[in-house]
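Any value given below was found using the heavy atoms of this structure, including those in side chains, with hydrogens, waters and symmetry copies removed.
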Amino acid sequence: MDDENPFTDPAVLQHQQPYTPYPAGSNAPTAQYVMPSTTPATAAARPTLQVDPPPAYSSSQKPLSNEELLKQQEALEKKAAELDRKEREINERAAAGGVYPNNFPPLPAFLPVKPCFHQDFDVAIPSQYRDTVKQLYYVWLGYILTLLINIITSIVYVVVGGNQAGSTLGFAFLILVLGVPCSYVCWMRAVYNAFKADSSFNFFLFFFVFFIQICATVVFALGVPGWGTCGFIVMIEVFDESVFCGILALLVSVMFTALVVVMVLLMQRVHNFYRMTDASFAKAQSEFSTNVMSNRHVQTAARTATANAASAAASGAYNP
């Protein structure tokens with residue numbers, strides 16, 4: 001067999017030649033790069049960005065006056081005092097085993113009577129309910145102020161010699177002495193604990209007692225003679241005898257009426273918040289039974305009653 005070079009095959013030689021898309025004998029175009037020429041006309045037409053130099057620094061802010069500095073210093077001192085108070089409460093709570101010390105009502109340290117409750121809206125109440133609870137607290141303070149003005153008006157009513165003025169003054173003192181602590185414990189403290197612990201029982205307690213409070217305030221605004229308040233009826237009666245007493249009675253009537261309006265609005269707002277929670281009557285019953293059965297005083301009373309009943313039964317068995 002003759003030796004034959006495989007690379008001399010025409011098909012192989014065709015593939016070894018470089019590929020060109022242009023046919024043989026034709027002139028292939030050459031790429032040329034032309035620098036763009038900038039003419040004065042195009043250069044003048046091109047927009048230029050002009051940046052203004054920064055303004056020179058000048059101290060235009062006026063220095064604070066001494067009065068403004070004193071106000072800022074007083075505000076800082078108040079904040080520092082508040083922080084110190086909260087720090088002391090935290091330390092006292094840690095020393096007492098995690099229990100907040102009682103701070104309400106704020107009583108002087110030299111008195112033998114100590115505060116009965118702990119009250120701190122910023123710590124205990126969630127932020128979305130805090131304003132409402134504070135407003136209810138302000139309503140309670142306004143209720144106390146109205147009762148105090150009512151006593152002053154009742155004293156003037158006695159001096160004027162109004163109808164059943166003595167009974168009015170006596171019941172005015174009774175309403176102040178019993179109404180202030182009862183209103184705080186029964187509805188102010190109830191709504192505080194309701195929002196603090198999301199307690200269904202305290203919600204129902206607040207609605208029930210607060211509704212009674214609204215009805216009683218309506219009666220107080222009317223001012224029936226001898227019922228303890230100088231409302232509209234007493235005002236109409238006494239205006240002819242004493243203008244000063246009539247003006248005081250008008251003030252008391254307007255304050256009681258304003259309290260009624262604000263109480264109704266706040267009760268509606270609390271009810272709206274209550275509907276957004278998972279509170280229910282069944283949950284309130286469960287909380288009531290759990291709290292009652294876990295109460296130390298109730299357990300002691302139940303054990304005492306059981307022991308007395310057992311002793312009575314045993315003595316009856318031995319002494320027929």
Side-chain angles (χ1 to χ4, degrees), residues 104-105 116-117 119 131-194 202-271 274:
F104 189 86
C116 305
F117 306 98
Q119 179 173 285
D131 291 339
T132 301
V133 179
K134 285 184 177 180
Q135 290 170 5
L136 284 166
Y137 177 68
Y138 297 148
V139 168
W140 181 72
L141 294 178
Y143 178 65
I144 297 175
L145 178 62
T146 306
L147 293 180
L148 291 174
I149 298 176
N150 177 66
I151 287 182
I152 297 173
T153 307
S154 300
I155 295 174
V156 178
Y157 188 51
V158 170
V159 174
V160 172
N163 183 23
Q164 298 182 4
S167 299
T168 301
L169 179 60
F171 280 109
F173 276 106
L174 185 63
I175 293 172
L176 177 65
V177 172
L178 296 181
V180 172
C182 291
S183 60
Y184 180 82
V185 173
C186 295
W187 62 263
M188 181 60 229
R189 195 67 188 176
V191 73
Y192 181 89
N193 292 329
N202 283 288
F203 270 118
F204 279 94
L205 179 62
F206 166 76
F207 290 134
F208 176 73
V209 180
F210 202 60
F211 177 75
I212 296 177
Q213 177 72 74
I214 292 175
C215 295
T217 309
V218 171
V219 176
F220 294 162
L222 291 176
V224 180
W227 285 26
T229 58
C230 298
F232 288 106
I233 298 176
V234 172
M235 176 200 68
I236 296 172
E237 176 190 334
V238 80
F239 240 120
D240 295 335
E241 300 178 4
S242 174
V243 177
F244 177 69
C245 185
I247 293 175
L248 289 178
L250 176 62
L251 177 62
V252 173
S253 305
V254 171
M255 292 182 71
F256 275 128
T257 305
L259 285 175
V260 170
V261 174
V262 177
M263 285 178 178
V264 171
L265 295 177
L266 288 177
M267 186 175 183
Q268 180 64 33
R269 186 186 301 177
V270 174
H271 184 262
Y274 162 77

Calculate, to the nearest 0.5 Å, the distance between atoms [atom1] and [atom2] belonging to [X] and [Y] respectively.
X    : Y    : atom1 : atom2 : answer
L169 : T153 : CG    : OG1   : 11.0 Å
I149 : T229 : CD1   : OG1   : 13.5 Å
E237 : Q164 : CD    : CD    : 9.0 Å
L222 : T217 : CG    : OG1   : 11.0 Å
S253 : I233 : OG    : CD1   : 9.5 Å
Y274 : Q268 : OH    : CD    : 13.5 Å

Under a 4.5 Å cut-off applied to non-hydrogen side-chain atoms, are [X] and [Y] in contact?
X    : Y    : result
N163 : Y157 : yes
V234 : T168 : no
L248 : M235 : no

Summary of ring-ring contact (aromatic ring centres under 6.0 Å, His included) pairs that have at least one residue in residues 209-234, sequence neighbours excluded |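 Every ring-ring contact (aromatic ring centres under 6.0 Å, His included) pair that includes a residue of residues 209-234, provided the two are not neighbours, is W187-F210, F206-F210, F220-F256.
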
Does CZ belonging to F104 count more than 12 external heavy atoms closer than 6.0 Å?
->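 Yes, enclosed.
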
For atom CZ of F239, is the number of surrounding heavy atoms from other residues, nucleotides or ligands below 6.0 Å larger than 12?
->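 Yes, CZ of F239 has more than 12 neighbouring heavy atoms, counting only those of other groups under 6.0 Å.
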
List the atom of [X], the atom of [Y], and the distance in Å for their closest heavy-atom pair.
X    : Y    : result
T257 : A221 : OG1-CB, 4.0 Å
A165 : V158 : O-CG2, 3.4 Å
C245 : V160 : CB-CG2, 4.1 Å
L205 : C186 : CG-O, 3.8 Å
P105 : C116 : CD-N, 4.0 Å

State whether the side chain of Q135 and the backbone N or O of L266 hold a donor-acceptor pair below 3.5 Å, judged by distance alone.
->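 Checking the backbone N and O of L266 against the side chain of Q135, no donor-acceptor pair under 3.5 Å is found.
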
Decide yes or no on side-chain contact (heavy atoms from CB on, under 4.5 Å) for Y192 and N202, but give the supporting numbers first.
-> CA-CA 8 Å; Y192 181 89; N202 283 288; over 6 Å; no

Identify each donor-acceptor pair in which a side-chain atom of residues 171-185 lies under 3.5 Å from a protein atom, sequence neighbours left out, and give them as a table.
| from | atom 1 | to | atom 2 | distance (Å) |
| --- | --- | --- | --- | --- |
| S183 | OG | W140 | NE1 | 2.8 |
| S183 | OG | G179 | O | 2.7 |
| S183 | OG | V180 | O | 2.8 |
| Y184 | OH | Q119 | OE1 | 2.7 |
| Y184 | OH | R189 | NH1 | 3.4 |

